[in-house]
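Read through the structure below, which is laid out as structure tokens, and then see the notes.
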Amino acid sequence: MQIGDLYFSFTNPSLFMLLTLSLVLLLVHFVTKKGGGKSVPNAWQSSVELIYDFVPNLVNEQIGGLSGNVKQRFFPCISVTFTFSLFCNPQGMIPYSFTVTSHFLITLGLSFSIFIGITIVGFQRNGLHFLSFSLPAGVPLPLAPFLVLLELIPHCFRALSSGIRLFANMMAGHSSVKILSGSAWTMLCMNDLFYFIGDLGPLFIVLALTGPELGVAISQAHVSTISICIYLNDATNLHQTG
């Protein structure tokens, strides 16, 4: 689609993000279609309840100094981010699928938007005093310019580090499995006894990597969510301990 000088394309990331959204909504609708879950939950209901209960517990553990009502305001954003990563990351393990979070622009856009939101929360919570995160209390005045610079640079790099970490882990692991799978399939299809026997090595490596790679895909959603909670705690409590 073209509007003036702007081009809008429905790409693979757009398709699989739409499929992820549809899958999550379908799962939640399937569990709650009769006005609520069953008193004795089945496997699907247990998985939805586990995802739903995980985020509030994480928020309560990682963010201190706030009342329960204030913490609950962060629940929708953190829950959506966790669910999005949890369903997007393992998609690359399915043949002929696409891993949305293996594209740096997707993870960078996600991390930048979260960083901007956390910065806004910090200013809303602390006003201009939020800028004091770059200058800890009790610092000698001659050292203040250097410490402000040293604190400001890593704070701004949080917007990059979250996106780079998620992108790098998804890209590296999924690429390794894809390369070894392609090698094993090529050797298997060469109609040669030598290559057929040698194919067992890459095949066993692929099978051995499948489980750990699936664990990495799930754990990265957890790590990303913990990072968001830690950044929120820093923004709301500044130099105080939780």
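Predicted, not measured: the structure shown is a model, and the values here were computed from it.
- No side-chain heavy atom of C88 sits under 4.5 Å from any side-chain heavy atom of T99.
- Take Y52 and apply the ring-ring contact (aromatic ring centres under 6.0 Å, His included) test, not counting sequence neighbours, and it matches F75.
- Every residue was checked against the side chain to side chain donor-acceptor pair (under 3.5 Å) condition with S219, not counting sequence neighbours, and none meets it.
- Two different hydrophobic clusters hold M93 and V223 under the rule that ILVMFWY side chains link at heavy-atom gaps under 4.5 Å.
- For the side-chain contact (heavy atoms from CB on, under 4.5 Å) with T81, the lone residue among L86, I114, V55 that qualifies is I114.
- Counting only residues at least two apart or in different chains, side-chain hydrogen bond (donor to acceptor under 3.5 Å, both in side chains) contacts with residues 101-112 comprise N89-T101.
- Annotation: side-chain contact (heavy atoms from CB on, under 4.5 Å) contacts of F54 (sequence neighbours excluded): L58, F82, H222.
- Within the structure, salt bridge (Lys or Arg N to Asp or Glu O under 4.0 Å) pairs that include any residue of residues 157-167 comprise R158-D234 (at least two apart or interchain).
- Taking CG from L21 and CG from L26, the interatomic distance works out to 11.0 Å, rounded to the nearest 0.5 Å.
- Note that the CZ atom of F84 and the OG atom of S224 stand 11.0 Å from one another [nearest 0.5 Å].
- Between the side chains of T20 and Q91, a donor-acceptor pair is found at a separation under 3.5 Å.
- No single ILVMFWY cluster, assembled from side-chain heavy atoms under 4.5 Å apart, contains both F115 and L232.
- I51 and L19 fall within the same hydrophobic cluster, where Ile, Leu, Val, Met, Phe, Trp and Tyr residues are linked whenever their side-chain heavy atoms come under 4.5 Å apart, directly or through other members.
- Through direct or indirect side-chain contacts shorter than 4.5 Å among Ile, Leu, Val, Met, Phe, Trp and Tyr, V216 is connected to L166, M170.
- Every pair tested for salt bridge (Lys or Arg N to Asp or Glu O under 4.0 Å) that includes a residue from residues 172-187 fails, sequence neighbours excluded, so the list is empty.
- Transitive grouping of hydrophobic side chains (ILVMFWY, heavy atoms separated by less than 4.5 Å) brings I228 and I226 into a common cluster.
- Checked against ring-ring contact (aromatic ring centres under 6.0 Å, His included), F16 has the following partners two or more places apart in sequence or in another chain: F98.
- Between D53 and N57, the closest heavy-atom pair is O-ND2, 3.0 Å.
- Between atom CG of residue L214 and atom CD1 of residue I218 there is a gap of 4.5 Å, rounded to the nearest 0.5 Å.
- Hydrophobic clustering (side-chain heavy atoms under 4.5 Å, transitive across Ile, Leu, Val, Met, Phe, Trp, Tyr) keeps V80 apart from I116.
- With sequence neighbours excluded, the residues forming a side-chain contact (heavy atoms from CB on, under 4.5 Å) with S46 are P41, listed by chain and number.
- When the side chain to side chain donor-acceptor pair (under 3.5 Å) test is applied to S14, the partners found at least two apart in sequence or on another chain are T11.
- At least one donor-acceptor pair closer than 3.5 Å links the side chain of S113 to the backbone N or O of L110.
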Determine, step by step, whether F10 and L18 satisfy the side-chain contact (heavy atoms from CB on, under 4.5 Å) criterion, reporting the C-alpha distance in whole Å, the side-chain angles of both residues, the deciding distance to 0.1 Å, and the verdict. CA-CA 11 Å; F10 191 75; L18 184 62; 4.2 Å; yes
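- For the atom pair CE (M17) and CG (L15), the distance works out to 10.0 Å, reported to the nearest 0.5 Å.
- For I153, the side-chain contact (heavy atoms from CB on, under 4.5 Å) criterion is met by L149, F157, not counting sequence neighbours.
- With sequence neighbours excluded, the residues that form a side-chain contact (heavy atoms from CB on, under 4.5 Å) with I164 are F104, L160.
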